[in-house]
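To start, the structure under review is shown below, and the notes come after it.
Source: prediction; values computed, not measured.
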Amino acid sequence: QVQLVESGGGLVQPGGSLRLSCAASGSIFSINDMGWYRQATGKQRELVATITSGGSTNYAGSVKGRFTISRDNAKNTVYLQMNSLKPEDTAVYYCKADVVINVVSTREYDYWGQGTQVSVSS
C-alpha cells in the first residue's frame, strides 16, 4: 500500500557528514509522525529522531546536536542530516512514517523503509 524508499547511506570518516532521504509513496492520505531509527548488528532497533507533521522534533540524546531531522510534506519525504559522525553511529538506518490511508477511519499505520547502511570508519 505504502512504500518508503531510502537513499543517502554510505561510508564516511569520523567527523564526516551524510544526508539520508526517505520518500513515501502509495496509498497516502496524510502522514503524521515520521522518524529515523537505526539498528546496529546484533542490537535492537533504536529511535534516532522523530518529526511531527507540524515540524516538532525529538532526538535521541546520543545524536542531539549532531543530527537534524526535517521533512517536506509536499514531497512526503523526511531527511536526516548527520554531522560529526562517530563510529558508534554505524548502523542500518530505517525511516518510518505514520500514514493515514483511510480518510473515514483516520487509522494510522506504521510503514518502514528498506534500510540504508551508514558506516563510520574507525
Same apolar cluster (I L V M F W Y, side chains within < 4.5 Å links), [X]/[Y]:
X     : Y      : answer
Val63 : Leu18  : yes
Ile69 : Val118 : yes
Ile28 : Ile101 : yes
Phe29 : Val78  : no
Tyr93 : Tyr79  : no

Any chance you could measure [X], atom [atom1], to [Y], atom [atom2], to the nearest 0.5 Å?
X     : Y      : atom1 : atom2 : answer
Leu20 : Phe67  : CG    : CZ    : 8.0 Å
Met34 : Ser53  : CE    : OG    : 10.5 Å
Thr52 : Ile31  : OG1   : CD1   : 12.5 Å
Met82 : Trp36  : CE    : CH2   : 8.0 Å
Glu6  : Thr77  : CD    : OG1   : 11.5 Å
Gln13 : Ser121 : CD    : OG    : 3.5 Å

Which atom names give the shortest non-hydrogen contact between [X] and [Y], and what distance separates them?
X     : Y      : result
Ala40 : Ala91  : N-CB, 3.7 Å
Thr50 : Leu47  : CG2-CD1, 3.6 Å
Asp89 : Arg66  : OD2-NH1, 2.7 Å
Ala49 : Leu80  : CB-CD1, 4.3 Å
Pro14 : Ser122 : CG-C, 4.5 Å
Gln3  : Gly26  : OE1-CA, 4.1 Å

For this session: Could you tell me whether Arg38 sits above the aromatic face of Tyr94, with NZ or CZ closer than 6.0 angstrom to the six-membered ring centre and within 45 degrees of the axis?
Result: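 Checked: cation-pi criterion not met.
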Quick one: does any side-chain atom of [X] pair with a main-chain N or O of [Y] as donor and acceptor, under 3.5 Å?
X      : Y      : result
Thr90  : Val120 : yes
Thr116 : Gly9   : yes
Arg107 : Val100 : no
Thr106 : Val103 : no

For this session: Walk me through it: do Asp33 and Lys96 pass the test salt bridge (charged side-chain N to carboxylate O under 4.0 Å, His left out)?
Result: CA-CA 8 Å; Asp33 293 355; Lys96 183 175 77 74; over 6 Å; no
Problem set entry | Which residues share a salt bridge (Lys or Arg N to Asp or Glu O under 4.0 Å) with Arg45, sequence neighbours left out |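 Scan of Arg45 (salt bridge (Lys or Arg N to Asp or Glu O under 4.0 Å), adjacent residues dropped) gives none.
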Problem set entry | is_close_aromatic(Trp112, Tyr37), centroid dist under 6.0 Å |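 Close enough - the centres of the two rings lie under 6.0 Å apart.
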For this session: Would you please name every residue forming a side chain to side chain contact (heavy atoms under 4.5 Å, CB included) with Lys64, sequence neighbours left out?
Result: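 Tyr59.
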Problem set entry | With sequence neighbours excluded, residues passing side chain to side chain donor-acceptor pair (under 3.5 Å) with Tyr111 |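 Applying side chain to side chain donor-acceptor pair (under 3.5 Å) to Tyr111 gives Gln1.
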Exercise. Can you list the steps and then say if Val92 with Gln117 is a side-chain contact (heavy atoms from CB on, under 4.5 Å)?
Worked result: CA-CA 4 Å; Val92 177; Gln117 178 70 48; 3.3 Å; yes
For this session: Please say whether more than 12 non-hydrogen atoms of neighbouring residues, nucleotides or ligands are located less than 6.0 Å from CD in Gln44.
Result: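 No, the 6.0 Å shell around CD holds no more than 12 heavy atoms from other groups.
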